[in-house]
Amino acid sequence: WLVGSDGTGDREILNAGDRFKTRAQWLGRDRLLLVQAETATHERVGVLDADGGEARWLIDDPARCIEGIVAGRDGRSAMVLEYVEGRLAAKRLDVETGDETPLATPGVSLLPIAQLPGGDWICELYHSHGPHDLVRIDPKTMRTTNLTRTAARVAGMHFTPAQDFRWHSLDDTPIQGWLYTPGAPSRGLVVWVHGGPTWHSEDWVNPIVQFLVSAGFTVLDPNYRGSTGFGTAFREAIKIDGWGGREQNDIRAGIEALIAAGKAKRGRIGVAGLSYGGYSSWVAITRFADLVDGAIPICGMYELGIDFHATEMPHGKAYSIEMMGGTPEEKPERYFNASPANFIDRIQGRLLIVHGLADSNVSPKNTKKACADLDAAGVRYELLTYPDEGHGIYNAGNRENLLLRMAIFFEQTFKN
C-alpha cells in the first residue's frame, strides 16, 4: 500500500495474493520501489513503478533462498540477502540491468544495512568465533574497513567456532545444523533447539550455546523442517503434519547421526530450548525416552489447547491455526497428538522446567498444568520460575542463574 506523508492517497499498489507477504523500499529516485514478494514456492525481487503499478521482476528463481533486500540511495544499487549453505550472503544488484555481483566474504555472514552517499555500504559482519562487527565495504574493490573492532576488545574471551553438520532425517530429507565441540573430552551432548519455528540458527555467537560448550558439553543447534533460510518448501513442510510432526524426527535423526559418527554417546543426551525449542524439549523427553536422558523446556508449550486459548499475543492464535491447520476444536486429534501433556507417562529421564511468570506469549498456565500433571503421575522434576521475566530469561542475574542451573542439571544427568 502507498500513502502520502499527509495521510492522503492511501491505495494498494501491489498484491501478491491473500496468503503471501509483499514488502517494498524506495529506491531513491523517481517513484520506483524495490520490492520483494512471496510466491507459493519462493521469493522474487523486482522494481515497481509506484505510479503505473507495473512490476519488472529481476530475480524469480525457485532454487534461491532470498531472505531480504536493501535498497541503495543512488537509485540504481540494491543488496540481495540470500542464504547459501546456511550462511547469509550478500549480492549487489543493479536494478537497471539485473546484474548481480557477490560480495565475497568466505567463512562469514554479511548483512548490508545501508548505502553511504559515496557508494560504500555499511554492513554487519558476523560468525560464531567472535563478536559481530560493523564494517564499511566498497562493493567494487571489496576494500573493507572495520568500524567497531569488537574482537580486539574481547581478546581474552574464547569463542568456539560452529561446524557445519549435515544428516538425513527418517524420511531421507537432508537437514543442516551447527555443531560445537569442546576442547576437552565432552561431558555429553546437549541439543539446543531454536524457537520459532519460523526462524533459523546461523554461524553466529549464541551466548547459551557458547556457555554450554565452555562447560564441557558438545552442542548441536539443528535447523529442522519449518526453519527459514532453506527455501519456501522446507519452511512450509512443518505444516504437513503440524507441530510435533516430522520436524521432531529431524531433531532425533540429528542425535542418531552424531552417535553414529562417534560424536555423542547414549546415556549422555540432553535437549533444551526456548519457546518452540522448549516445546521440542517437552516432545523429546516424552516421545524419545529411549534416547533422551534429560530435557530443559524454557517457556515451552506443554498443552497446545492451553497455548492456543491462553496466549496474549495478537498473532498467537492465527499462527497456531496456520501451523496446525485449524483450531483445537476443529483439529482435536492433531492437537492431542502434538501435546506432550498427553504422554508424560513415557518420561524416563530428568526434567527441569523453566518459565518466566510474566510470559504473554506461551502462558505460564502451561507450566502450572505440567506441574499438576507430573505431581499426580508421580513423575519427578525440577522447577525454575522467574516472576520478573516474560518470554525468555534475559535479566543479567537471572540469565547467570539459569546458565549455572543448566550446566549442573546436565552434569548430574550424564553422571548416571
Side-chain angles (χ1 to χ4, degrees), residues 64-70 79-92 101-114 120-139 141-167 175-184 186 189-196 199-224 227-231 254 258 263 273-274 277 399 403:
R64 296 181 62 174
C65 300
I66 305 297
E67 178 69 10
I69 52 175
V70 184
M79 287 290 180
V80 177
L81 314 181
E82 180 177 6
Y83 280 98
V84 180
E85 298 296 316
R87 287 187 173 88
L88 186 63
K91 293 182 179 179
R92 180 180 178 274
T101 306
L103 272 65
T105 52
V108 301
S109 291
L110 194 67
L111 174 62
I113 298 172
D120 289 0
W121 283 80
I122 299 295
C123 304
E124 181 182 354
L125 184 148
Y126 60 92
H127 45 66
S128 57
H129 47 279
H132 297 209
D133 273 310
L134 287 178
V135 296
R136 177 174 179 159
I137 295 181
D138 181 339
T141 65
M142 283 305 297
R143 181 176 180 272
T144 302
T145 304
N146 192 311
L147 303 178
T148 51
R149 303 186 184 280
T150 53
R153 293 200 295 270
V154 294
M157 298 179 66
H158 174 72
F159 295 87
T160 300
Q163 305 168 43
D164 189 344
F165 185 71
R166 310 267 174 152
W167 65 95
I175 307 295
Q176 186 271 345
W178 301 103
L179 181 65
Y180 301 79
T181 56
S186 176
L189 171 68
V190 176
V191 182
W192 175 260
V193 185
H194 72 70
W199 200 61
H200 65 274
S201 292
E202 296 185 47
D203 177 10
W204 52 22
V205 174
N206 180 316
I208 293 180
V209 168
Q210 291 292 333
F211 173 82
L212 290 171
V213 180
S214 70
F217 302 103
T218 299
V219 178
L220 175 65
D221 190 352
N223 282 314
Y224 49 85
S227 300
T228 53
F230 297 87
L258 287 172
K263 299 179 182 295
L274 167 67
R399 175 63 70 93
L403 291 175

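To the nearest 0.5 Å, the span separating CZ on F230 from NE2 on H200 amounts to 7.0 Å. Atom CD of E82 sits about 4.0 Å away from atom CD1 of I66, to the nearest 0.5 Å. The distance from the CZ atom of R143 to the CZ atom of R136 is 8.5 Å, given to the nearest 0.5 Å. Between D133 atom CG and T144 atom OG1 the span is 11.5 Å, to the nearest 0.5 Å. Distance check: N206 CG to T160 OG1 gives 12.0 Å after rounding to the nearest 0.5 Å. Taken to the nearest 0.5 Å, the CZ atom of F211 stands 11.0 Å off from the CZ atom of R399.
For D203 and R87, the salt-bridge test passes: some basic side-chain N is under 4.0 Å from an acidic carboxylate O.
Ring geometry, Y224 versus H194: the interplanar angle falls under 30°, so the pair is classed parallel (tilted spans 30 to 60°). In this pair, W204 and H132 present their aromatic rings parallel. The plane angle is below 30°, not in the 30 to 60° band.
Among all heavy-atom pairs drawn from V205 and G130, the shortest one is CG2-O, 3.1 Å. Residues T218 and S186 share a closest heavy-atom pair of OG1-OG, 2.9 Å. When all heavy atoms of W121 and P112 are compared, the pair lying nearest together is CE3-CB, 4.1 Å. The nearest pair of heavy atoms linking G231 to C65 is N-SG, 3.3 Å. Between I208 and L403, the closest heavy-atom pair is CG1-CD2, 3.9 Å. When every heavy atom of S109 is checked against every heavy atom of E202, the shortest pair comes out as OG-OE1, 3.8 Å.
Taking 4.5 Å as the limit, some side-chain heavy atom of L81 sits within range of a side-chain heavy atom of L88. Contact of the L212 side chain with the Y180 side chain is not registered, since no non-hydrogen atoms from C-beta on lie closer than 4.5 Å. At least one side-chain heavy atom of M79 sits less than 4.5 Å from a side-chain heavy atom of R92. At least one side-chain heavy atom of P222 sits less than 4.5 Å from a side-chain heavy atom of V191. Proximity of F165 to L258: side-chain heavy atoms (C-beta onward) are separated by under 4.5 Å at one or more points. L189 has its side chain out of reach of K263: every pair of non-hydrogen atoms, C-beta onward, lies at least 4.5 Å apart.
In this structure a side-chain-to-backbone donor-acceptor pair under 3.5 Å is present from N223 to S201. In this structure, T148 contributes its side chain and L134 its backbone to a donor-acceptor pair below 3.5 Å.
Evaluation of the salt bridge (Lys or Arg N to Asp or Glu O under 4.0 Å) rule for D164 yields R166 as partners, not counting sequence neighbours.
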